[in-house]
Amino acid sequence: MPEGHTVHRTANKFAKLFANKQLEVSSPQGRFTDSRLVSGQQLVSADAIGKQMFLFFEHAVVRVHLGIYGKWRFANFDDTAPVPVGQVRARFLSETAVADLVGPTACEVIDSDQVALVQARLGPDPLRQDLDGLELARFLAKAAKTRVAIGQFLMNQAAIAGIGNVYRAELLFRQGINPHLPTNLVPTELLEKIWQDASFLMQIGVKKGIMLTREGHLNGRPALADRYYVYKREGLPCRICGAEVSLELMSTRKLYWCRTCQK
DNA sequence: TACTCATGAGCAA
DNA sequence: TGCTCCTGAGTAG
């Protein structure tokens, strides 16, 4: 489920498994021909900003973006690495562990200048430590300048990095905000709440590996049907007021919301 | 077996 | 706004 929390979780796992190890990098599927540019190098670190992951090798960086379909598969082994299954774009192999990447939108080798370019176009990430409040300030500054609907604004990775369709719907529901409200008309206190809630929920997502958004259901592993307030619940009664949950398209993406709770 | 759908985003017009 | 790309799970027939 590739929203920002998945990517941060993967970066942590990658660092834990592979940091300071020499990796054999290959492309079983054949489409990641640049794998040879990093194969044989040590992995220095793994980092995530929003939905982008960066694998820093000694002399180059691998940038990965999962898109909708992308997935990582990790495995430990004693003697022989498991045979790749399906369309494995990239395989990262140490002596005892393997990470297979399937179906990413992007998997490429870039240099530090290109890393800086990608990072510059990304907005603040609620999962990055923000002790001095600068990330929040960046978010508020961007929000103050745009009349785009808040539902659309939250999907813009240059506005806030890491939010996807699920968190967008659930964050707006939790704060009772109409997704069509122009962003510059959303009171600052509410924008701050959205930011803090995103940070809170996404940290849970990183820890648990699944998206949880319902009060009283933030622990354990609730079934998919019990996990969200509005996401994928069109036509069903709102869990708070009982009104029918609405579904509409907002810039080609499905938007779920409750017209009664989100005035 | 064939078809549909999905948590995303870049690009052209 | 519409088209395109990427893969696999679920469902209809």
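Each chain gets a letter, A, B and so on, in the order the sequences are listed, and its residues count up from 1.
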Report summary line: On a heavy-atom basis, the closest approach of A:Gln52 and A:Leu122 is CG-CD1, 3.7 Å
Requested in this report: Mind calculating the distance between NZ (A:Lys254) and P (B:dT7) to the nearest angstrom?
Outcome: 7 Å
Report task. Write down the distance between CG (A:Asn156) and P (B:dG8), rounded to a whole number of angstrom. Result -> 13 Å
Requested in this report: Return yes if a side-chain donor-acceptor contact under 3.5 Å exists between A:Gln42 and A:Glu58, otherwise no.
Outcome: no
**Report entry** Integer angstrom distance from the C1' of B:dA9 to that of C:dA9
**Finding:** 22 Å
Requested in this report: To the nearest Å, give me how far apart CG (A:Leu122) and P (B:dG8) are.
Outcome: 14 Å
**Report entry** B:dC5 versus C:dG13 - spacing of their P atoms, nearest Å
**Finding:** 13 Å
**Report entry** Leading and trailing nucleotides of DNA chain C with any atom under 4.0 Å from heavy atoms of chain A
**Finding:** C:dC6 to C:dG8
**Report entry** Donor on one side chain, acceptor on other, A:Glu248 and A:His180, under 3.5 Å
**Finding:** yes
Query raised in the report: OP1 or OP2 of B:dG10 less than 4.0 angstrom from a side-chain nitrogen or oxygen of A:Arg121, does that happen here?
Result: yes
Report summary line: A:Ile163 CD1 to B:dG8 P, in whole Å, measures 10 Å
Query raised in the report: Given the rule that I, L, V, M, F, W and Y join up when any side-chain heavy atoms are under 4.5 Å apart, are A:Tyr228 and A:Ile177 in one cluster?
Result: yes
Query raised in the report: A:Ile160 CD1 to B:dG8 P: how many Å, rounded?
Result: 14 Å
Query raised in the report: Phosphate oxygens OP1/OP2 of B:dG8: is one of them under 4.0 Å from a side-chain N or O of A:His65?
Result: no
Report task. Output yes when A:Arg128 and A:Asp47 qualify as a salt bridge under the 4.0 Å nitrogen-oxygen rule, no when they do not. Result -> yes
Report summary line: On DNA chain B, more 5' by nearest nucleotide between A:Tyr69 and A:Thr252 is A:Tyr69
Query raised in the report: Hey, does A:Gln29 reach any base, or is it just sugar-phosphate, or nothing, if we go heavy atoms under 4.0 Å?
Result: sugar-phosphate
Requested in this report: Give me the residues of residues 99-118 of chain A where at least one heavy atom lies under 4.0 Å from an atom of DNA chain B, by number, or none.
Outcome: A:Thr105
Query raised in the report: A:Gln52 or A:Tyr256: which one's nearest nucleotide on DNA chain B is closer to the 5' end?
Result: A:Tyr256
Query raised in the report: For the pair made of CG in A:Leu66 and P in B:dG10, what is the distance, rounded to whole Å?
Result: 14 Å
Query raised in the report: Between B:dA6 and A:Arg253, is there an OP1 or OP2 to side-chain N/O distance shorter than 4.0 Å?
Result: no
Query raised in the report: Are A:Trp257 and A:Tyr231 near enough that their ring centres are under 6.0 Å apart?
Result: no
Query raised in the report: Between A:Gln157 (CD) and B:dA9 (P), how many Å, whole number?
Result: 4 Å
Query - Test item: A:Val109 and A:Phe32 side chains (from C-beta on) under 4.5 Å apart, heavy atoms - result: yes
Report task. Take atom C1' in B:dG10 and the same atom in C:dG8, then report the distance between them in whole Å. Result -> 23 Å
Query - Between B:dA9 (P) and A:Gln152 (CD): distance, integer Å - result: 13 Å
Query raised in the report: Any side-chain heavy atom of A:Phe173 within less than 4.5 Å of one from A:Ile240?
Result: yes
Requested in this report: With heavy atoms under 4.0 Å as the rule, sort A:Arg168 into base, sugar-phosphate or nothing.
Outcome: nothing
Requested in this report: Consider only side-chain heavy atoms of I, L, V, M, F, W and Y, link residues closer than 4.5 Å, and tell whether A:Val98 and A:Phe14 are in one cluster.
Outcome: no
Query - Charged N-O contact under 4.0 Å between A:Asp197 and A:Arg174 - result: yes
